[in-house]
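For reference, the structure is listed below as structure tokens.
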Amino acid sequence: MTKIQVWSVVSLLGVALGCGRGSLAATTTVSVSSTASHPIPTSLYGQMFEDINSGDGGLYAELLQNRAFQQVTPGTTGALVGWSATGGSQISVIKDTVPVSSALPNSLQVTIPSGSSGSVGVLNSGFWGIKVDPTWTYTASFWVRFPSASSFSGNVNVGIRSTTGTVLAQATARVTNNNAKWSQVQVKFKPSATTISTNNNFFLTVDGASWGGQTVHFALLSLFPPTFNNRPNGMRVDIAEALIEMAPSFFRFPGGNNVGQTVDTRWQWNATVGPLLNRPGRVGDWGYANTDGLGLLEYLQFFEDAKMEPIMAVWSGYALGGTNLAENQLAPYIQQAIDQINFVIGDPSKSAPAALRASLGHPAPFALQYVEVGNEDFFAAGTYPYRWRDFVGNLTAAFPQLRFIATTDTFNPILSPNPLQYDVHVYQTPTWFAQNAFFYDDFQRNQTKYFEGEYAAISTNPNDLFGTPADGRLTFPTMQSAAGEAAFMTGLERNSDIVFAASYAPLLQHVNGSQWTPDLISFDAGTVYKSTSFYVQKLFSLNRGDEYIPSTLPSRTGTLFWSITRATAAGNLQIKVVNTASTAGSLSFQLPFNNVASTGTLQVLTGPETASNTPETPNAVLPVTSTISTGKTINYSPAPFSVSVITVKAS
Ligand SMILES: *[C@@H]1O[C@H](CO)[C@@H](O)[C@H](O)[C@H]1NC(C)=O
Ligand SMILES: *[C@@H]1O[C@H](CO)[C@@H](O)[C@H](O)[C@H]1NC(C)=O
Ligand SMILES: *[C@@H]1O[C@H](CO)[C@@H](O)[C@H](O)[C@H]1NC(C)=O
Ligand SMILES: *[C@@H]1O[C@H](CO)[C@@H](O)[C@H](O)[C@H]1NC(C)=O
């Protein structure tokens, strides 16, 4: 049975307003209800994350690339990604006969030839550069071992220098042979440089004359800038702040696709916790090794710092590469999912994973309400019925308080137990999003709820959505794509009695090493670039209100969309207006309230159809805030390709 909000459409061919292109816009009158139809779920807006050149080299603040030679083949050029020799050293990645740890079998072997002079050693390029900020204190560390015992000792210089060789920051540490055993060195330093730059390398060098003839092994080298909330092994400050600027309620992790390409390379929580020396890393799903330095505890600590809750995925017996486990093979993976959840919320006195969490400094459980069973299992719908049944059966028995999200198409196949949450994904054109603003209006109102877990307008070409920019694929969100998404989001708000969460995807991309476009936020070694879609997410999230106020419905086939919410504590009505057309619109909102302030606040994001915020034009389209005159009637003419929020006190 479908609940239909009945509001008479009063479309008046009223005052004809001239607009930019000389056409006439008929005014649409929008009657606003005095009472709310449903609360806005506090979980409504959040973020979708997976390591798609966005964890390592992105949100995770580590500055060195390939810092621990994880998941590489020793002896190959590929094993040296990020690294190069300087001053005549000979370098290679070796499988060490005495590894620094069993999880990190590989070391960087550096030979300083006899007769060397000057600075000799290695460079690391970082993730397409290393940022020098004169105000930062850096922490560099590495493990070092000489392959054979001697009485040798010498100085090692570590720091940051420009790609042309100017030293910008450095520190010196004394290293002794230590009977051919591993020892760890840590130094802190501040740049001597006085300007910000990113075209830099990390260096680790020795004096060739005094070190000539020595061979040294290095493992787990690291360079950290200050981190968000000063967490050791934490997050990059500017990226974390950009995420928090959108006031997200949730963070979907660890994938997405990054839950597993093969059974063996699936994301396993227990390989991501504890000392970095114990983390083997894994071959991620996007063509590069993940360090797992951004591990389960680091994620959880970040969510707590950022005041958001995880929507956490567990691997559910299907690998993206095509492997589907048989039902009689599932038991150990179900146990691993139980352990993963216990690490997050278990009682340390009853569960070993929870006791591990306590031993790592967080005895209290983290917040967790939603667990996603797999990812995009519509690709493996044939086996999902038994996988869903066995995972959810066991997980519900262990954690009756949790809610489980299914990842197949809604109601296809039929699953038992009947999912009460589905994760719905859509990558489409801006036009599709506008035309589907009523997507959820026709869904039955019953106990089943929806997580719009991945959505983005990615192409202007409906016949080649995933093609190339030449065929319409977007490299960055545009004003048109952002307006299309915003139109769709007015529908998410109207249907937030059944849509409990929504997140644009993907969240982050490094512009120099990207696997997918467009993305909500782009960044490089030094700067964060916020897209038009970012500002739409921010406008909706910060103005989401706590109640939905019904109003005359927009036309299902039109180009003007709106959604009205109320922030009850502040006494504010929030009127969101989206125009997806190339001509201005004309709307007249009729408010049934006795006390409406004579002025309100207007926030508008608008720009040319194809305008994008890019590294070259980072501020092409920005929201502009102004004052708007308001009253029981609010006339508003939304600009072409615009997303507006009118905030007015009304009671
Ligand atoms: C990164 O990408 C930007 C934008 O395309 C480009 O200007 C820059 O040179 C690239 N940097 C590196 C280190 O490749
Ligand atoms: C993680 O736990 C699984 C069992 O659930 C085990 O097979 C695997 O070896 C463990 N990995 C690490 C790195 O401890
Ligand atoms: C738990 O998983 C096992 C192994 O797949 C399965 O046989 C059993 O039926 C499941 N239990 C419940 C309650 O679903
Ligand atoms: C809700 O309605 C859909 C569509 O008819 C149905 O498939 C689903 O099973 C229903 N959910 C519940 C919990 O009954």
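Remember, predicted model here, so these are calculated numbers, not experimental data. Numbering of ligands and ligand atoms starts at 1, following listing order.
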### Query
Will you find, in the side chains of Trp315 and Gln340, an N or O donor that is under 3.5 Å from an N or O acceptor?
no
### Exercise: do Asn613 and Asn619 side chains pair donor with acceptor under 3.5 Å
no
If the cut-off is 4.0 Å to any non-hydrogen atom of [X], which atoms of ligand 2 fall inside it?
{"X": "Ala271", "answer": "13 (C)"}
{"X": "Gln268", "answer": "1 (C), 3 (C), 8 (C)"}
{"X": "Gln336", "answer": "1 (C), 2 (O), 3 (C), 5 (O)"}
{"X": "Asn270", "answer": "1 (C), 2 (O), 3 (C), 8 (C), 10 (C), 11 (N), 12 (C), 14 (O)"}

### Task
Taking only heavy atoms of Asn512 into account, list the atoms of ligand 1 that are under 4.0 Å away from them.
1 (C), 2 (O), 3 (C), 8 (C), 10 (C), 11 (N), 12 (C), 14 (O)
### Query
Who pairs with His510 by ring-ring contact (aromatic ring centres under 6.0 Å, His included), at least two apart in sequence or on another chain?
Trp128, Phe523
### ring-ring contact (aromatic ring centres under 6.0 Å, His included) involving Phe534 - partner list, sequence neighbours excluded
none
Between the protein and ligand 4, are there any N or O atom pairs that come within less than 3.5 Å of each other, and if so, what are their names and distances?
unit_1: ligand 4; atom_1: 2 (O); unit_2: Gln444; atom_2: OE1; d: 3.3
unit_1: ligand 4; atom_1: 2 (O); unit_2: Asn446; atom_2: ND2; d: 2.3
unit_1: ligand 4; atom_1: 5 (O); unit_2: Gln444; atom_2: NE2; d: 3.4
unit_1: ligand 4; atom_1: 9 (O); unit_2: Asn418; atom_2: ND2; d: 2.8
unit_1: ligand 4; atom_1: 11 (N); unit_2: Asn446; atom_2: OD1; d: 3.4
unit_1: ligand 4; atom_1: 11 (N); unit_2: Asn446; atom_2: ND2; d: 3.0
unit_1: ligand 4; atom_1: 11 (N); unit_2: Thr448; atom_2: OG1; d: 2.8

### salt_bridge(Asp497, Arg445) N-O dist < 4.0 Å
yes
### Query
How are the rings of Trp83 and Phe202 set to each other: parallel, tilted or perpendicular (split at 30° and 60°)?
perpendicular
### Task
Keeping the roles fixed (side chain from Arg67, backbone from Leu221), state whether a donor-acceptor pair exists under 3.5 Å.
no
### Task
Under the side-chain contact (heavy atoms from CB on, under 4.5 Å) rule, collect the residues that match up with Ser54, sequence neighbours excluded.
Phe49, Ile52, Leu508
